[in-house]
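Proteins come first, then strands; the chains are lettered A, B, ... in the order of their sequence lines, and each starts at number 1.
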Amino acid sequence: MKNAALECVQSWNADFVENNLKDCLEKLSDYETWQKVSLYSATHSHHYKEGQLVRIQGMIQDMHNPEYYVSKYTVCNKATGTKTVRSGKYKDVMRVEPGESARCAKDGKDARERQNLFCIPIPALNKWALDIHKQNVALPEIHAEFGQSQGVKRKEMDEDHNDEEMVCEDSFKEVKKTEVRIENVAPTSSASENQSPQNLDDIKNFSFPVKNVEGQPFYLKVYEYDQSTVMNSMVEVVGFLSADPAISYVEDDMEESGKKLPASLIPRLHVVCLKNVEHCNPLLPSFNFSSDAALAFANAQAAVCDLKIIFTPLLLGDKLAVDFLICNLLSKVFVRKDVTQLGHLSLNLHEVPKMTGYVEKFYSILEQLVTKSHYFPLTIEVLNSTPFVPKKDYTCDKLRSGLLQLSQGTFLVFDETKMTVGQLLDLGTKNVMALKSFLERQEVEYDFQFYATPFQTDLSIIIFSERKSLFECDARVPLESDPEAVKALEASFEAAVLYLRNDEVTTRIRRFLTAAQLANYEIPEIVQTRVQEDFVEMRQRDKNFTGDDLHIVLNLARLLTLSTGAQALTAEIWKQACAMEGARRARL
Amino acid sequence: MSSPAPSRTPSKRTTRSQTNTPSRDEASEKGTPAKRRATPQKSPATTPLRVGARGRNARPGGMGTIAESSELGTPAGGSQQNNAITSPLAVGAEHMGLSQIDLSSPLNYGTPSSLGSLRTPRTGIQDTPVRVRADIGSERTLRRIVLPSDAPAPGDESSQTGSQTGVKEVIWGTDVDVGKCKQRFRRFIENFVDPDMEPDEANMATTNVNEPLYMQKLKEVLALEDPYVNVNCEHLKTFCPELFAQLVRYPQEVLPFLDMAINELFFEKHPAAVLEHQIQVRPFNSEVTTSMRNLNPEDIDQLITLCGMVIRTSDIIPEMREAFFKCIVCGSTTEVVVEKGRIAEPTLCGNCNTNHCFTLVHNRSQFCDKQLVKLQESPDDMPAAQTPQTVLLYCCNDLVDKVQPGDRVTVTGIYRAIPSVLNPRMRNVRSVYRTHIDVVHFRKSSTKRLYENEEGNNLHFSEERIGQLKELSEKDDIYERMAHALAPNIYENEDIKKGILLQLFGGTKKIFNSQGRSNFRAEIHILLCGDPGTSKSQLLQYVYHLVPRAQFTSGKGSSAVGLSAYVTRDPETRQLVLQTGALVLADNGICCIDEFDKMNDSTRSMLHEVMEQQTLSITKAGIICQLNARTSVLAAANPVESQWSKNKTIIDNINLPHTLLSRFDLIFLLLDPQDELYDRRLAKHLVGMYQSTPEDDEQDYINMLLMRDYIAYAREFIRPKITEEASNRLVEMYVTMRQTGMSRGQISAYPRQLESLVRLAEAHAKMRFSQTVELVDAEEAWRLHREALKQSATDPLSGRIDVSILTTGISSAGRKHREKLMKELKKMIENQSKGTTLNFKKCLNDMREKADLMVTNEMLEDALSSLQNEGVVNLISRSSFRIC
């Protein structure tokens with residue numbers, strides 16, 4: 001009976017999970033079961049019941065203070081005098097029926113701690129990925145299933161628990177139903193039907209690093225918190241939804257008011273299981289994906305070939321630039337030791353053609369391939385008005401997000417061709433400094449007003465500019481244009497769009513890019529010696545060739561290796577990397 | 001701790017467990033009216049020591065009431081009533097006021113005024129009021145159980161810990177024996193001697209270390225009329241671990257008795273004393289928690305100590321403690337104590353039996369100051385990639401406005417969790433506790449405190465950790481290990497790492513105030529100068545991340561004000577405020593300055609004072625002050641032509657004024673060795689980093705955290721003194737240094753260099769955790785000093801090490817060189833007639849031909865300008881000069 005209940009993930013409720021936590025978690029570690037939990041969709045929020053188990057994907061944007069909740073409380077029915085002990089886990093409110101009074105230990109003996117995380121939809125997630133997510137939301141079915149499963153669960157409860165609790169269970173459902181009705185009229189409509197859209201927009205403006213993102217932010221209540229989920233982690237969460245409007249009002253008048261937004265606006269999710277995920281590409285499983293990744297990785301050559309076909313004409317026939325671009329697409333910080341970070345390859349492509357909207361068009365192609373990306377025109381006005389660095393706002397006790405608070409592996413495309421003459425104001429200067437130090441150290445110093453704290457950040461940056469960029473990148477490549485290609489540029493864009501209509505191609509590329517970013521890499525002994533010898537030789541030829549330059553070549557070698565679908569460096573690729581870097585240096 | 005029904009008035013509250021003493025029940029039945037009826041008749045003063053209620057429940061003419069309530073409260077153990085010494089029978093309520101009756105007190109505390117004051121009748125006119133304590137809890141009622149030895153414990157409400165003869169009182173729900181508790185504390189006060197008292201605990205210079213510390217504090221209380229006694233829990237722990245444990249576990253219950261005990265003691269000693277209010281005990285340094293992140297539900301209602309940074313303070317909130325109601329019909333009045341922020345308005349007037357006739361009289365109600373303070377984790381306690389947490393503090397009365405946003409404080413208080421109020425109108429209640437800390441003690445890391453103590457107060461190493469550190473320090477190769485662990489990703493440069501390591505430890509601070517010189521700095525300054533791409537910036541970055549109070553600036557972007565301080569107008573208050581810059585912020589830390597050479601001269605000149613005097617004088621917008629800037633400077637500079645030119649002196653290469661250069665203890669050159677073997681090893685090192693599975697020899701490896709603790713521990717606890725042997729050696733070295741210069745007729749070493757040697761030797765000793773500076777330390781200092789100078793002060797012409805290159809900017813070989821050049825010049829000038837104008841370029845070529853010397857533009861300019869000083873030539877422009 002219990003097993004049957006376990007199987008039916010949709011039917012789990014708070015008490016059941018609390019009593020069978022171990023079994024439930026084990027069940028959830030299986031990706032298929034995991035996927036059975038319905039994915040939350042903001043546009044269909046009215047389909048979800050209070051207390052329903054849902055799954056969300058997001059990024060931790062802020063971490064609030066942990067809170068203490070009442071783990072157990074006694075409810076006394078005034079009429080019958082019967083006392084019941086109820087659990088407060090996975091719930092926001094104590095359940096007290098009319099004619100009952102609740103009591104919890106005054107001295108906090110039954111207080112337990114739970115972590116409070118603020119989770120926003122993954123910022124800069126591209127449209128294609130969102131669309132796939134939307135397809136995964138299968139609402140009507142879930143609805144039916146939820147209703148049916150009640151019976152199963154009730155039976156289950158009968159067997160495993162005493163009658164008393166059974167009674168609670170029934171009344172609980174009744175109450176919840178009425179409440180859900182209330183809540184559905186007011187809050188959800190406010191979010192979706194513009195009754196008071198001001199609020200949700202404000203939240204988005206405030207907490208989202210990238211504006212105009214659809215999706216629902218959540219407060220996560222994490223019961224078993226192990227320090228691994230940190231700021232800007234991408235997470236996938238299964239938990240109980242709680243959007244009860246009753247939650248928001250009983251705040252302390254003095255300090256707390258106005259800080260916690262009503263649950264109707266930002267639902268709470270009582271977390272059963274939280275997983276840190278390394279990527280959010282919907283074409284690959286979010287965890288246990290090694291076999292799928294291997295498959296995608298095996299397609300490397302075809303994928304890279306596609307990429308070259310697409311990008312070579314767009315980069316004016318400049319093969320070297322395309323190679324660097326592909327390397328950039330695969331780059332990811334893979335080692336951080338004290339102050340050294342390896343693996344990043346920020347790219348500055350300059351001498352771009354003077355075609356209006358070139359960078360935008362280029363970006364529109366790029367965003368169809370990578371999972372997360374954002375286009376940012378570097379104009380004086382935007383620099384002066386958009387904060388890059390997250391800043392703590394103590395009046396509302398929240399972290400105001402900034403552009404550089406993006407999750408790991410996001411592509412940030414800066415368009416410096418938009419830059420005009422003007423004066424950078426305070427914010428603009430800070431932004432420029434922040435971006436500079438980010439390019440140097442892959443780290444963003446969040447402003448906590450009394451002090452700044454560095455947060456490790458891993459973003460791939462491409463800067464397009466007319467001349468050498470204002471910002472120092474790892475690799476600067478002046479485009480060498482083929483006059484033919486310049487003439488055909490318009491046509492090339494159209495061709496690229498057409499080429500990407502082929503689902504097979506796009507899927508192949510998308511899967512490959514994610515898989516390659518996460519792949520392991522090694523340098524065999526024999527190649528290591530080769531590298532050392534080459535370095536000595538290069539030093540003798542050119543005294544200005546320093547250890548930092550070797551880093552760039554080594555990193556290129558790594559990315560080139562991955563782009564061939566291999567995971568170990570070969571002498572040949574090493575040579576190729578040297579040649580690539582040599583050709584680039586020759587252009588400067 | 002459940003409290004009696006909320007509507008009860010204070011006197012009722014003096015009852016404890018409802019179960020076993022009938023008279024108590026009677027008392028509670030009497031309820032308000034009974035109390036109200038009470039008239040100021042003095043209760044028969046069986047002893048002069050009778051105590052009235054303290055605190056807010058005192059009402060005008062409340063003396064009698066109290067007496068009455070004490071009568072009511074105590075009858076249960078009628079026998080105990082006479083037991084004046086063991087303890088008060090009535091239980092004090094604890095809150096703003098201790099509404100308790102204490103027969104054992106030597107004082108007869110009356111309650112004459114509505115302000116909750118308490119008088120000491122025996123002193124006649126003078127009196128000391130009892131001010132209620134708002135800081136230790138919202139429970140008005142303390143329930144105590146009186147346990148006659150022959151009576152079994154009344155049910156399970158109390159845990160009796162073995163019976164004693166006579167009577168024993170325990171605090172409800174605990175095994176805290178009231179009498180014992182008081183006695184112990186009294187003994188502690190009377191007897192505790194602390195040989196190594198921390199300086200900030202001694203308010204007066206006169207504190208005698210060998211006398212009981214807290215008795216002296218009581219004298220201070222008398223002298224200063226500041227009725228607070230701060231009790232270091234560490235002391236209590238060593239003196240009486242049991243009492244300490246009780247205090248930490250039940251602070252709210254135990255503190256009132258400590259108060260009581262200390263007051264009794266004080267007024268026994270100083271019967272004529274008059275204080276603003278009764279003495280309050282403020283414990284601090286309870287070691288329960290040190291990090292906000294470690295707070296958990298188990299700490300609720302315990303005495304905890306936390307450090308953090310104040311980020312917000314609220315306005316002062318007048319919080320009602322006792323509401324005063326008046327019946328609009330008959331004019332009778334009543335008071336209601338505010339319980340958990342709520343006032344239970346009396347509905348029925350006991351006098352005229354009217355319903356709903358009471359109005360609140362504001363100006364006769366009692367209020368106390370309250371302030372909400374938000375405390376945030378300080379950045380050093382924060383785990384990586386998480387946001388800081390905050391806790392809410394409630395401070396009352398004189399603790400209000402003690403702290404300002406931005407202060408780093410250590411707070412001792414009682415951790416509270418309050419369940420959301422159950423509102424009868426609401427069916428669903430948030431099942432979340434609100435938490436805060438009721439502050440009993442603030443300790444600020446203030447600038448007034450001596451340098452050595454400042455950091456240490458936040459340092460809490462576990463025994464285990466200390467053991468680990470000590471074990472590490474005993475390793476023979478600790479120096480190499482640490483140097484190796486410093487920025488392990490930066491290749492080789494061992495000596496530079498060693499230098500930086502010593503900088504991190506710093507020397508010993510020496511104070512010579514009495515001799516007129518303020519002090520010798522303990523901070524070691526280091527300049528790294530070298531070719532681009534030699535990981536100077538990485539070294540700086542590493543240090544910046546390693547040291548808790550480090551600042552990182554770039555010479556390019558900084559201005560003098562950015563480094564020192566500037567004055568702005570605060571947007572809120574419109575007042576001028578001083579904003580401190582990087583150097584001040586790095587006080588007691590390290591200021592890393594990259595691109596030192598790109599810094600403009602005016603900015604750099606400001607460093608002179610900071611680097612030697614370690615202070616920063618500011619005169620701006622009417623603000624004249626001197627700030628402490630006890631910072632070590634770690635600077636990195638590129639050579640003038642960005643590449644090091646081997647045939648130039650360091651002065652020419654760095655192009656920094658030598659006044660500044662001589663302030664650096666160590667100047668390291670990071671030159672590109674351009675050596676095949678080196679390149680090979682470097683390549684190997686770099687390639688190794690790209691392996692997905694880096695070979696880790698973790699056990700040998702000292703990680704950043706361990707290193708940070710090691711350094712912090714050494715800085716805090718190790719103060720090496722120089723031994724005879726070492727000092728002789730240092731003197732010897734200095735003499736050698738002087739003599740090397742002397743032989744060529746020049747002073748080549750200045751006392752500054754000797755100071756540097758001493759500092760380096762001390763730092764090396766610190767690194768070994770050695771309390772004495774021994775020969776090895778001196779030798780290493782000497783070696784490093786030479787090593788650094790060998791690279792930086794190697795005369796490009798003679799190849800010799802020469803300190804004078806730093807102090808005068810010209811090497812002695814260069815000086816000879818210049819003399820020769822001058823001679824040649826003079827010779828040439830003599831051949832020309834006066835008034836002739838010579839071309840600079842031509843002259844340069846002539847010189848190069850004539851003297852078989854290497855003559856650069858600068859050298860010639862230099863020589864000419866000294867000739868101009870001698871009045872031989874007159875420089876007209878950059879390209880020509882005239883012979884006078």
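The CD atom of Q115(A) sits 6.0 Å away from atom CD of Q389(B), with the distance rounded to the nearest 0.5 Å. To the nearest 0.5 angstrom, L117(A) atom CG is 9.0 Å from Q386(B) atom CD. In this structure, F448(A) CZ and I311(B) CD1 are separated by 10.5 Å, a value rounded to the nearest 0.5 Å.
Heavy atoms of D534(A) lying under 4.5 Å from chain B are absent altogether. At a 4.5 Å heavy-atom cutoff, the contact between F535(A) and chain B is made by side-chain atoms alone. When heavy atoms are compared at a cutoff of 4.5 Å, T390(B) approaches chain A by way of both its backbone and its side chain. In this structure, chain B has no heavy atom under 4.5 Å from any part of Q61(A).
A417(B) and Y68(A) make their closest contact through CB-CD1, 4.4 Å (heavy atoms, listed as atom of the first residue, atom of the second, distance). Here the closest non-hydrogen pair linking I300(B) and A111(A) is CD1-CB, 4.0 Å.
Proximity of a side-chain donor or acceptor of T387(B) to a complementary backbone N or O of M63(A) within less than 3.5 Å is detected.
With a 6.0 Å radius and a threshold of 12 heavy atoms from other residues, nucleotides or ligands, D315(B) has its CG atom at or below the threshold. The 12-atom threshold is exceeded at CD1 of I316(B), counting heavy atoms of other residues, nucleotides or ligands nearer than 6.0 Å.
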Next item on the list: I would like to know whether V687(B) and L554(A) meet side-chain contact (heavy atoms from CB on, under 4.5 Å); could you show each step before the answer?
Entry: CA-CA 7 Å; V687(B) 172; L554(A) 278 169; 4.0 Å; yes
